[in-house]
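Supplied in structure tokens, the structure appears directly below.
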2 protein chains.
Amino acid sequence: MSDSATPSLHPSVICTVDVVLLTLRDTRLEVLLAQRDRAPFEGAWALPGGFVHPQEDADAAASATRVLREKTGLEAPYLEQLGTYSGLARDPRGWSIAVVYCALVPLEDLEQALHRRSTTRPSVARLHDAANLGRLPFDHDAMVAGAIERVRSKSQYSSLPVHLCGAEFTLPQLQRTYEAVLGEPLNKVSFRRKMEELNVLEPVEGAMQGGAAHRPAQLYRVREAYRQRLSMLERGL
Amino acid sequence: MSDSATPSLHPSVICTVDVVLLTLRDTRLEVLLAQRDRAPFEGAWALPGGFVHPQEDADAAASATRVLREKTGLEAPYLEQLGTYSGLARDPRGWSIAVVYCALVPLEDLEQALHRRSTTRPSVARLHDAANLGRLPFDHDAMVAGAIERVRSKSQYSSLPVHLCGAEFTLPQLQRTYEAVLGEPLNKVSFRRKMEELNVLEPVEGAMQGGAAHRPAQLYRVREAYRQRLSMLERGL
DNA sequence: ATAATAGTGTCTGTGAGACAATATGGA
DNA sequence: TCCATATTGTCTCACAGACACTATTAT
């Protein structure tokens, strides 16, 4: 914070935010990519991002929220800061700083938002299989890898994956979500015991059926006390 | 990354790095603070930090390393990115981004470096008890709290605290380090089992004595394969 | 009734902590 | 020898996963 130059002599740092939005289709993670509408890498699929707007955004998290709203119409997704990528090498325009956020959204919410959006503007954003992204511009490959790694890691001890489910869900649905994120099958009894002790869920009166030919499962939702707080937690453990 | 304005129209973002350097004196964590030599908060004790120098620094981590070298003379401490604080509210000069790094250094290394430094320049940096810092300027309180929380958290499952010990140390010394960081006593047998399975340490031939009237303890050091790698790991688990 | 999945009770092995015995150097 | 701490062996308890049994709905 102490330096021989004033900030106005350092206008050459490019300040941006990028968002790794993850969602789950069946058992696969998908990442939201947007087609770039200007150089560099015009036309390429890349993470949604943009410059910080100091006049408009209270902080970088607000910039990320705004970017996501502009590209998808989503209003209040789960958002968590992943980290910051910086340096001369990552952007051909010059020395830059990119604050990266990870967003988790239920597939239905995202598709609804994108569909509403497509009625007014040409859609610029689309979901891509996280396992087959090809090469992305800038250092977006590393950002995606970091986001997936972070989500996997936190899912081992927290209730993070609930953000990939809708407002109400059954325990078997949630378990399949965990299994998809972690990439391995989980023990049913242990999973239920873990959810029980986390004490984040509460049952909703009225079982779901889905017309399936078997015993219906209890619906759950996130407790009110945790609903907002989950977004605030920075590394629960 | 796509925006209606060019970066040169956004010169108002102040880009800085701040470093939370932690070390251990006996059983207490201490934080390095530097006395600010200019406004805002001139004269106040604050985290060592400074503007990013795009001409000089390859990336923000290099800025942090440079800042630490300038203030302390330390050359290659363990450094890990904590996160980024941003927004209009945190700095009276305007909308700013601070990339925060956490450094872990053995007390002896730091004191040696500071002592060497004090022979050429007036010392501007000093260690302060982490538990009694008082109020720091900017959002440095939150940064310190975040750093301590991160170190505590990672110490539960990794070998992170070895960076607070010197090149060679005994298992009882390392255990006391863990206990100081975690703030709770650890089971001796479990601790040794954990260190064994992490497989990060190797014994050094020749026991330490310290002239104590009891059985000397085996000296250990970090395995060569891990010596550099530890700094690279971003969230081991 | 049967199929299919939800939900629960019980057993067992693994691993962490408690306890304690042994090892070793200095006074 | 005695003291203090290092190091190692063993026991026990808690918990995670395996297994299996019961519950509930649609066909």
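Small disclaimer: the values here were computed from a predicted structure and weren't measured. What you see below is based on every heavy atom in this structure, not just the backbone, and it leaves out hydrogens, waters and symmetry mates.
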Earlier contact from the 5' end, DNA chain D, for A/R193 and A/A212 =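 It is A/R193 whose nearest nucleotide is closer to the 5' end.
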query = For the base of C/dG7, is there a side-chain donor-acceptor partner from A/K188 under 3.5 Å away?
reply =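 When only heavy-atom distances are counted, A/K188 does reach the base of C/dG7 through a donor-acceptor pair under 3.5 Å.
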message = Whether A/R192 contacts C/dG7 is assessed here as follows: a side-chain N or O lying under 4.0 Å from the phosphate OP1 or OP2. Is that the case?
response =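 Yes, because at least one side-chain N or O of A/R192 sits under 4.0 Å from OP1 or OP2 of C/dG7.
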Carboxylate-amine/guanidinium contact B/E70 B/R66, below 4.0 Å =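 Yes, this pair counts.
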inquiry  = Can you identify which nucleotide, out of D/dT7, D/dT5, C/dG7, has its nearest atom closest to the B/P172 side chain?
reply    =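 Of D/dT7, D/dT5, C/dG7, D/dT7 is nearest to the side chain of B/P172.
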message = Applying side-chain contact (heavy atoms from CB on, under 4.5 Å) to B/L22 and B/V181, what does each step give before you reach the verdict?
response = CA-CA 10 Å; B/L22 297 174; B/V181 168; over 6 Å; no
Ionic contact status for A/E196 with A/R192, cut-off 4.0 Å =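 Salt bridge absent between A/R192 and A/E196.
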ask   = Tell me: CG of A/L171 to P of C/dT5, nearest whole Å?
value =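 Going from A/L171 (CG) to C/dT5 (P), I get 17 Å.
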Euclidean distance, atom CD of residue B/E196 to atom P of D/dT8 [Å, nearest integer] =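 That distance rounds to 9 Å.
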query = Are there more than 12 heavy atoms of other residues, nucleotides or ligands under 6.0 Å from atom CD of B/E111?
reply =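 More than 12 heavy atoms, drawn from other residues, nucleotides or ligands, come within 6.0 Å of this atom.
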query = Any idea which of C/dA4, C/dG7, C/dG25 is nearest the A/H214 side chain?
reply =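 The closest nucleotide is C/dA4.
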ask   = Closest to the A/A213 side chain: C/dT24, C/dA4, D/dA26?
value =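 So the nucleotide nearest the side chain must be D/dA26.
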query = Considering heavy-atom distances to DNA chain C, does A/V189 or B/F191 have its closest nucleotide positioned more toward the 5' end?
reply =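 Its nearest nucleotide lies further toward 5', so the answer is A/V189.
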request  = Return no unless some side-chain N or O of B/N187 is found under 4.0 Å from OP1 or OP2 of C/dA16.
outcome  =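 No.
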